[in-house]
Amino acid sequence: MFDPLFDQAAGLRGVGLPSGVRLVPVSLTRDAAVAYEACWVLANALSAHGYAVVVLDATARERAHAPGLSQWLQTGDRVAIPQTRQGGQSLAATAQAPVSWPTVPSQSGLNSLLHQAAEQGVGAALTRLAGVFALGTVVLVMAPKEWLSVLFEETGAQPLVPLVLHPAGVVDAYSAAKVLSQAAALSPVLVPVAHMPFGEVEQRSLSALLETCRKHLGGVPECWPLDDTVDAASTGSAGSWVLRIIGSALVVADDAASASGWSISTPHEALVPQLWSC
């Protein structure tokens, strides 16, 4: 299916994909470094393939000297994220260019969206979030599983759960998959971040995680291993990830109530969970 001899994302850009802002939830665990690493690899690949990308970081609070999502939500203007590559520019050339996608402090802004989701419904919160960005932008929403379960509840989103295949990482990943699937009716995707191919110990850890999910969560989640050595110039591995992200992202159009295919949950009175102390 994936031919490394051509720019795989070019095919996606050439067909009539739904217009809108693409939201990709990424679960933070207590080992936040693995989520940062996954976002770094994915954002580089998306940017190199011509997509405007932004990473919303729930661990960083907006400040007067370091504005972010909170300020963008207040202005109501769409933010245009620059695209790294245009037209036929080679991926290899793009890989040598400076990183152009931003990581944005978003703790306060996401917190306000969580309260809005709890009071007015998920649709209103996601429409407000998507309204910040120019159409076509890919937004990686990096936040704790509890936050994602409120903000994306019953939308059909596929949150990415980056993990490292050691005991603590496996436990955290199972916890995230449980919350996202059972509390929010989402379809989490496990993303082991490691050098490929897996070693014997890593393969056993992954098999144990998948079997535990099968027994206790009622099914085996999708698993998309991410080679942490992937770079933007690798059209085979990077391109396959671009296809996955663009194909699985939650598209929020201008008129989310009528144009989107995901359901809107009933507003609930659950307390908005707080981010753990870092």
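Residues Val220 and Arg214 come closest through the heavy atom pair CG2-CB, 3.6 Å. Of all the heavy atoms in Val53 and Ala43, the pair that sits closest is CG1-CB, 3.9 Å. Nearest heavy-atom pair, Val21 versus Ala130, reported as atom, atom and distance to 0.1 Å: CG2-O, 3.4 Å. Shown here for Met142 and Cys39, the closest heavy-atom pair between the two residues is SD-SG, 3.8 Å. Across all non-hydrogen atoms, the minimal contact from Val193 to Ala38 is CG2-CB, 4.2 Å.
In this structure, Leu126 and Leu250 have side chains that are in contact, with non-hydrogen atoms separated by less than 4.5 Å. Counting heavy atoms from C-beta on, the side chains of Thr155 and Leu23 never come closer than 4.5 Å. Side-chain contact between Leu217 and Tyr174 is present, with at least one heavy-atom pair separated by less than 4.5 Å. Contact annotation: the side chain of Leu226 never approaches that of Pro162 to less than 4.5 Å [non-hydrogen atoms, C-beta and beyond]. Side chains of Glu37 and Trp40 form no contact here, defined as non-hydrogen atoms less than 4.5 Å apart. Between Pro159 and Phe152, every side-chain heavy-atom pair lies at or beyond the 4.5 Å cut-off. Annotation: side chain of Glu154 is not in contact with side chain of Val122 (no heavy-atom distance under 4.5 Å).
Using modelled atom types, one side-chain atom of Glu62 and one backbone atom of Ser108 make a donor-acceptor pair closer than 3.5 Å. For Ser47 (side chain) and Asn44 (main-chain N/O), no donor-acceptor pair under 3.5 Å exists by modelled atom type. A side-chain donor-acceptor contact under 3.5 Å links Gln71 to the backbone of Gly68. Proximity of a side-chain donor or acceptor of Ser175 to a complementary backbone N or O of Val171 within less than 3.5 Å is not detected. Remark: side-chain polar atoms of Gln107 are paired, donor with acceptor, to backbone N or O of Ala58 under 3.5 angstrom. At least one donor-acceptor pair under 3.5 Å links the side chain of Arg78 to the backbone N or O of Phe133. For Ser112 (side chain) and Gly109 (main-chain N/O), a donor-acceptor pair under 3.5 Å exists by modelled atom type.
Judged by distance alone, the side chains of Thr59 and Tyr36 do bring a donor and an acceptor atom under 3.5 Å apart.
Put simply, CD on Gln116 and CG on Leu151 are 9.5 Å apart, with the number rounded to the nearest 0.5 Å. The structure places CG of Leu28 at 11.5 Å from CZ of Arg30, a figure rounded to the nearest 0.5 Å. Atoms CG and CD, on Leu206 and Glu211 in that order, are 12.0 Å from each other to the nearest 0.5 Å. One finds the OG atom of Ser248 at 10.5 Å from the CZ atom of Arg22 (value rounded to the nearest 0.5 Å). The structure places OG of Ser70 at 10.0 Å from CG of Leu110, a figure rounded to the nearest 0.5 Å.
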Task: side-chain contact (heavy atoms from CB on, under 4.5 Å) between Leu163 and Asp31, worked out - done: CA-CA 8 Å; Leu163 68 141; Asp31 183 7; over 6 Å; no
Open item on the list: Could you walk me through whether Val179 and Leu148 satisfy the side-chain contact (heavy atoms from CB on, under 4.5 Å) test, starting with their C-alpha distance in whole Å, then the side-chain angles of each, then the deciding distance to 0.1 Å, before giving a yes or no?
Closed with: CA-CA 9 Å; Val179 169; Leu148 298 179; over 6 Å; no
TODO: For side-chain contact (heavy atoms from CB on, under 4.5 Å), just list the numbers for Arg128 and Leu113, CA-CA rounded to whole Å, side-chain angles, deciding distance to a tenth of an Å, and then say yes or no.
DONE: CA-CA 8 Å; Arg128 183 182 174 206; Leu113 291 172; 3.9 Å; yes
Open item on the list: Assess the residue pair Trp224 and Leu160 against the criterion (side-chain contact (heavy atoms from CB on, under 4.5 Å)); give the C-alpha distance rounded to whole Å, side-chain angles, the decisive distance to 0.1 Å, and a yes or no.
Closed with: CA-CA 9 Å; Trp224 300 348; Leu160 305 182; 4.0 Å; yes
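Just one residue in the list Val55, Val24, Val54 forms a side-chain contact (heavy atoms from CB on, under 4.5 Å) with Val139, and that residue is Val54.
Hydrophobic clustering (ILVMFWY, side-chain heavy atoms < 4.5 Å, transitive): Leu114 and Leu73 are in one cluster.
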